[in-house]
Amino acid sequence: MRLPLSCAALAVALLAACQPVRPAAPAATPVAATAEAAVPADDNLNAVLWVQRTAEYQAAATQTYRAAAALLDRALAEPHWDALVPSERDNAGHGLKPAVVLDIDETVLDNSPYQARLVRDGLEYSDPTWDAWVEERKAKPVPGVLEFARAASERGITMVYISNRAVHLKQATLDNLRAVGLPVADDSVFLGLGTVVEGCEQHGSEKDCRRRLAGRQYRVLMQFGDQLGDFVHIDANTFEGRQRLLEEYDDWFGERWWMLPNPTYGSWEPAAFGNSWKQSRETRRAAKRAALDVAP
Ligand SMILES: [Mg+2]
């Protein structure tokens, strides 16, 4: 799906998924005990509820796609308009067929029911539960994406999906995309995790090789994602490293790059605990609490 899990980390995640919900650790002081006890392990409750039930989420996603659609004609008209960073392009770009590159999860498909199940059951992400959800083919479209897709299709722009859904989930994913009405020109527009790209060595779940592959065939007018790594290679997954990238490409957001809101998960989360999923859930949670700005 989306988490850069190593095999070891995956084993830990799977183990955690098989264990009963662990109660919050007893706190040392009455004040801390109150705060800890009031927050069970499902920190995702507010985030998932926000995505599933609020007008605010729908408005944020819709306005993003609407604003992007309004720029399509300008992007098409400017022959050197390109949404790939120069280091990921092997050619001049202009003259190629136009495309937009989109991540899938929480960018075009809404998997919040899967997240809601994790909250309900007190579990964390695991590959088996994720694969089972994908096979259900029940994800709905993110608000606004169908209208954007129509605008792109009317202009002859191909939708290319670069996703960290593994390639063995390709058929279920294509079925789900088609079922909700998203354009799938042919099976080649799905570039899942595990796609082999000639002349490019892929690192983990980073998408740079697959972006490079898309660029060999298309001029990429825009990119859409819910995580920074959907747009550009992340060298250092720390809050500071991510901030540097944001500043470097600040002008591209709202023009060539479009970020969808996703407070429920993402590569931003492990940045808070040193990218070590091997740590216990409590340790990771403590690191996230420690990263909060409480304005001393
Ligand atoms: Mg995503």
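Order of appearance sets the numbers: ligands from 1, and atoms from 1 within every ligand.
Using a cut-off of 2.8 Å, one finds that D230 contributes no N/O/S atom close to the Mg ion (ligand 1).
At least one donor-acceptor pair closer than 3.5 Å links the side chain of R210 to the backbone N or O of S163.
When side chains are defined from C-beta on, L118 does not count as touching N44, because their heavy atoms never get closer than 4.5 Å.
When O of D105 and OD2 of D103 are joined through the Mg ion (ligand 1), the resulting angle is 90° to the nearest 10°.
Across T158, I157, V220, a single residue satisfies side-chain contact (heavy atoms from CB on, under 4.5 Å) together with P98, and that is I157.
With respect to the Mg ion (ligand 1), D226 has OD1 as its nearest N, O or S atom.
Sparse packing is recorded around CZ of R53, with 12 or fewer heavy atoms of other residues, nucleotides or ligands lying under 6.0 Å away.
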